[in-house]
Amino acid sequence: MPARIRVRSLAKINLDLRVLNRRPDGYHELRTVFQTISLADTLEIEYQRGPTRVEIKSKLNIPGNIIEKTAHSVLQKTGRTGRVGFVLTKNIPLAGGLGGGSSNAAAVLLALPPLLGKPLPIGTLLELAAGLGSDVPFFLLGGTALGIGRGTELYPLPDRPPLPALIIRDEVHSSTAEAYQALKRPSSPREPDILNFQASAWGGHQESVNDFEQVVFRQYPQLKSIKRKLLKLGAAPALMSGSGSCVFGIFGGRAERDRAAELFRKESARFRVYPVTMVSRSRYRALWRRQLAAFSEHTLWPPQDRYAE
Ligand code: C5P
């Protein structure tokens with residue numbers, strides 16, 4: 001009998017995002033505040049011992065699939081062989097700045113080792129995660145977190161209330177690597193922006209900035225109009241997420257958020273409209289403990305194999 005598990009893989013937004021400078025390794029030095037949200041893909045994972053074979057079924061054809069890559073890295077690290085099958089139901093828009101692929105990779109890192117009966121310590125998972133993509137480590141932790149360096153050095157920030165948010169996706173596909181290049185950052189950091197970022201990270205939303213807006217909004221002015229409209233409808237803040245192209249607004253209450261959702265839906269069929277809620281670290285971990293309850297011990301993070309010594 002194969003071992004089976006079904007997990008939800010949550011999306012993120014960046015509550016603030018500063019790109020400081022180019023680094024010698026080709027990446028950019030970041031300061032960002034990550035936040036998990038309730039929008040989620042569903043991933044079913046099945047494992048059966050035998051020769052190694054990794055298969056994925058999804059309605060979407062996702063190039064260079066990060067899920068398969070992650071499964072191979074977990075099999076290699078745990079020394080197990082076998083057939084790993086995935087069924088992916090995608091709800092998180094692709095290339096929208098919401099970390100969908102990264103979240104799927106982290107979901108495999110969290111769920112597959114207990115399914116194989118071979119738990120891996122958080123240090124090993126973080127290392128594998130950073131090798132898979134800059135946003136992957138965050139999804140091992142969840143909630144609100146400060147990301148620095150490539151975005152892989154993470155520190156927890158206090159949980160924020162589960163505020164309602166609205167995500168708007170226009171039919172625009174912005175490329176992450178191109179957005180970084182378009183910023184034309186120097187190779188030395190910019191101090192004043194760090195001070196301003198601190199104010200935002202400590203103080204909540206008032207001064208939120210996403211440095212990518214400058215270059216992405218120039219190319220796609222319709223995204224700037226979405227931001228303006230969200231602000232007008234009472235969002236604070238309204239900001240692009242990651243390198244785009246989704247724009248989100250955070251609202252004080254559900255009624256206000258739902259009214260805004262309705263107006264965007266009416267305005268154009270081009271918009272995909274996603275009403276969501278911010279998910280705190282404690283809720284994120286409770287979700288993961290529930291998801292892995294059949295396979296793991298409850299008190300540790302990440303959830304460990306219940307039968308491990
Ligand atoms: O790490 P990840 O594969 O998600 O990054 C995609 C691309 O985004 C990188 O190849 C790089 O061009 C750019 N990037 C960057 N600095 C970062 C993160 C990503 O320049 N901190």
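Order of listing sets the numbers, starting from 1, for every ligand and every atom in it. Keep in mind it's a predicted model, so treat the numbers as computed, not measured. Reckoned from all heavy atoms, side chains included, excluding hydrogens, waters and symmetry mates.
- In this structure, His28 NE2 and Ser134 OG are separated by 11.5 Å, a value rounded to the nearest 0.5 Å.
- Considering only non-hydrogen protein atoms, atom 4 (O) of ligand 1 sits nearest to Ser134 N, 3.5 Å.
- Residues Asn104 and Ser9 bring a donor and an acceptor atom of their side chains to less than 3.5 Å of each other.
- Listed by atom number, the atoms of ligand 1 under 4.0 Å from Thr176 heavy atoms are 8 (O).
- With hydrogens left out, the protein atom closest to atom 3 (O) of ligand 1 is Gly133 CA, 4.3 Å, a heavy atom.
- Both the sub-6.0 Å distance and the 45° axial angle are not jointly satisfied by Arg31 relative to the ring of Phe197.
- Under the 4.0 Å distance rule, the nearest protein heavy atom to atom 10 (O) of ligand 1 falls outside the cut-off.
- Taking a 4.0 Å cut-off on heavy atoms, Leu30 registers as neighbouring ligand 1.
- No side-chain heavy atom of Thr70 sits under 4.5 Å from any side-chain heavy atom of Ile67.
- Proximity of Phe264 to Leu230: side-chain heavy atoms (C-beta onward) are separated by under 4.5 Å at one or more points.
- When only non-hydrogen protein atoms are considered, atom 19 (C) of ligand 1 lies nearest to Tyr180 CE1, 3.4 Å.
- Look at Asp211 and Arg185 and you find a salt bridge, because one of the NZ, NE, NH1 or NH2 atoms lies within 4.0 Å of a carboxylate O, short of that distance.
- In this structure, the protein non-hydrogen atom closest to atom 16 (N) of ligand 1 is His28 N, 2.8 Å.
- Under 4.0 Å from ligand 1, heavy atoms of Tyr27 appear from its side chain as well as its backbone.
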